[in-house]
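I have placed the structure first, in the form of structure tokens, so that the comments after it can refer back to it.
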Protein chains: 2
Amino acid sequence: MRIEDEIKQPTFRDEYQKAIINLVYTTGWLQLRQATAFKTFGLTLPQFNILRILRGQHPLPATVALLIDRMLDKTSNASRIVDRLEEKKLVTRTVCPANRRAVDIRITPAGLELLKTIEDSGLMEKNGTQFLTPDEARQLNVLLDKIRTEDGDGTTLHQPSCE
Amino acid sequence: MRIEDEIKQPTFRDEYQKAIINLVYTTGWLQLRQATAFKTFGLTLPQFNILRILRGQHPLPATVALLIDRMLDKTSNASRIVDRLEEKKLVTRTVCPANRRAVDIRITPAGLELLKTIEDSGLMEKNGTQFLTPDEARQLNVLLDKIRTEDGDGTTLHQPSCE
DNA sequence: CGACATTAAATGTATGTACATAAATTTGCA
DNA sequence: TGCAAATTTATGTACATACATTTAATGTCG
């Protein structure tokens, strides 16, 4: 559906204004879809992403610092997301023997099993981009990269992360 | 900068996976920039959006229901955002005389002045899309609309709203 | 009229982000 | 050696989203 109809705003100042609204709207749309899907498995999107990072390390542990680095969401709070995964017995937390400041975080067998269940469900493939041709997907990548031209202000930038 | 470099992931499964990550990343990038800018004026993005809706109604009042409808963020909580604007004396809240269930919300002169200050600052124009040509902006709109093809599940969808 | 559903807004709970600060440990250098 | 700085994680606060429930007012229909 066209964005004009989607948000019931018949006109925009120009294609630029329309594009920025369309971007934010479409990403919100995607995120809500994904979040709703993950909820049926008792996970939030950030929790799922942390679990995937931990599986990538498995059987080695990860530290909170590593999670933050991989999430690329530099300012956010991995500690509390790990809290929730620990409550659900999907990860374990033990003080790192080599450096008692650090904490070793590991995915449990239950965590691995949950990831497999989710991935086997085919959830991950229904993300909207399947309606693009390969060429259109390439075009989209070019345009998005252009929008992020001139990252000039040096502030730490956000990466909400997702499959 | 290319998304590969931005998130330091050298390869993706395909252009589709890259596109979805690029979309989420780019919108997060945009939102963080905008949120940071608005913070210098003591506002969050949702607060700014509510203020703009109220200005659109001015001098008529709006109800919470109208705000929710205009925000297009159907499930979210306009009530508490109005709380914060009221604390800052940017809006007023009075029980609607015609229907004592409803609440009339109005932007104050201070609120109108703040909006003008923000808009005069030229903040709104620096949103990334200025790096696209008009034709590219049009292309982007077409691609995003395609991604939202098949809104089939009937769930209420999200619209984080912004300029 | 009066029980009951509907509507409008507010409130409660869980989760997450952003940012500042604290607490514990380790490092490094005078 | 000893103390300050750096590192690593956790905690606190403000704000927002998502969703369920509550409260008050209004509508409806027997």
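No experiment lies behind these values; they were computed from the predicted model shown. These numbers come from the heavy atoms of this one structure, side chains and all, not from hydrogens, waters or symmetry mates.
B/Arg138 meets the side-chain hydrogen bond (donor to acceptor under 3.5 Å, both in side chains) test with no other residue; sequence neighbours excluded. Judged as a side-chain hydrogen bond (donor to acceptor under 3.5 Å, both in side chains), and not counting sequence neighbours, the contacts of A/Glu4 are A/Lys18. Taking B/Lys39 as the reference, nothing meets the salt bridge (charged side-chain N to carboxylate O under 4.0 Å, His left out) condition, with sequence neighbours excluded. Applying the side-chain hydrogen bond (donor to acceptor under 3.5 Å, both in side chains) test to B/Lys126 and every residue at least two apart in sequence or in another chain returns nothing. When the side chain to side chain contact (heavy atoms under 4.5 Å, CB included) test is applied to A/Thr133, the partners found at least two apart in sequence or on another chain are A/Asp135, A/Glu136. Every side chain to side chain contact (heavy atoms under 4.5 Å, CB included) that B/Ala37 has, sequence neighbours left out, goes to B/Leu123. Contacts of B/Arg93 classified as side chain to side chain contact (heavy atoms under 4.5 Å, CB included), with partners at least two apart in sequence or in another chain: B/Ser79, B/Val82, B/Asp83, B/Glu86, B/Val103, B/Ile105. Contacts of B/Asp5 classified as side chain to side chain contact (heavy atoms under 4.5 Å, CB included), with partners at least two apart in sequence or in another chain: B/Met1, B/Arg2. With sequence neighbours excluded, the residues satisfying side-chain hydrogen bond (donor to acceptor under 3.5 Å, both in side chains) with B/Gln57 are B/Arg70.
Atom CG in A/Leu67 sits roughly 14 Å away from atom C1' in D/dA10 (whole-Å rounding). The CG-C1' distance, from A/Leu43 to C/dA14, rounds to 14 Å in whole Å. Atom CG of A/Leu45 is separated from atom C1' of C/dA14 by 16 Å (rounded to the nearest Å). B/Leu32 has its CG atom 15 Å from the C1' atom of C/dG16, to the nearest Å. Whole-Å rounding puts the A/Asp69 CG to D/dT9 P distance at 12 Å. Taking atom CE of A/Met71 as the reference point, atom P of D/dT9 lies 12 Å away to the nearest angstrom. Taking atom CG on B/Asp83 and atom P on C/dA10, their separation rounds to 7 Å, with Å as the unit. To the nearest angstrom, C1' of C/dT15 lies 17 Å from CD of A/Gln34.
Between C/dG16 and A/Gln47, a contact under 4.0 Å exists linking OP1 or OP2 to a side-chain N or O. A sub-4.0 Å separation between OP1 or OP2 of C/dC19 and a side-chain N or O of B/Lys39 is present.
Both A/Ile105 and B/Glu87 lie near DNA chain D, and the one whose nearest nucleotide falls closer to the 5' end is A/Ile105. Across the interface with DNA chain D, nearest-nucleotide mapping of A/Leu66 and B/Ile81 shows A/Leu66 to be the residue nearer the 5′ end. Each of A/Lys88 and B/Ala102 was matched to the nucleotide of DNA chain C holding its nearest heavy atom; the match closer to the 5' end belongs to B/Ala102.
Under the side chain to side chain contact (heavy atoms under 4.5 Å, CB included) test applied with A/Leu112, the options A/Leu54, A/Leu90, A/Ile107 reduce to a single match, A/Ile107.
The B/Ser79 side chain lies nearest to C/dA9 when the options are D/dT9, C/dC19, C/dA9. The side chain of A/Arg80 lies closest to C/dA18, out of C/dA18, C/dG16, C/dA10. Listed nucleotides C/dT17, C/dG12, C/dA9 differ in distance to A/Pro46; the shortest reach to its side chain belongs to C/dT17. Comparing atom distances between the A/Asn77 side chain and each of D/dG12, C/dA9, D/dT17 picks out D/dG12 as nearest.
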For nucleotides 21-29 of chain C, just jot down a letter per nucleotide in 5' to 3' order: B, S or -, based on protein non-hydrogen atoms under 4.0 Å.
----BS---
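Near DNA chain D, meaning a heavy atom under 4.0 Å from it, residues 56-64 of chain A has A/Thr63, A/Val64 in order of number.
Each end of the helix from C/dC1-D/dG30 to C/dA30-D/dT1 gets its own axis from five base pairs, and the two axes differ in direction by 20°, given to 10 degrees.
Here the side chains of B/Leu140 and A/Ile147 are in contact, with some heavy-atom distance below 4.5 Å.
Within a 6.0 Å sphere centred on CD of A/Glu113, other residues, nucleotides and ligands contribute 12 heavy atoms or fewer.
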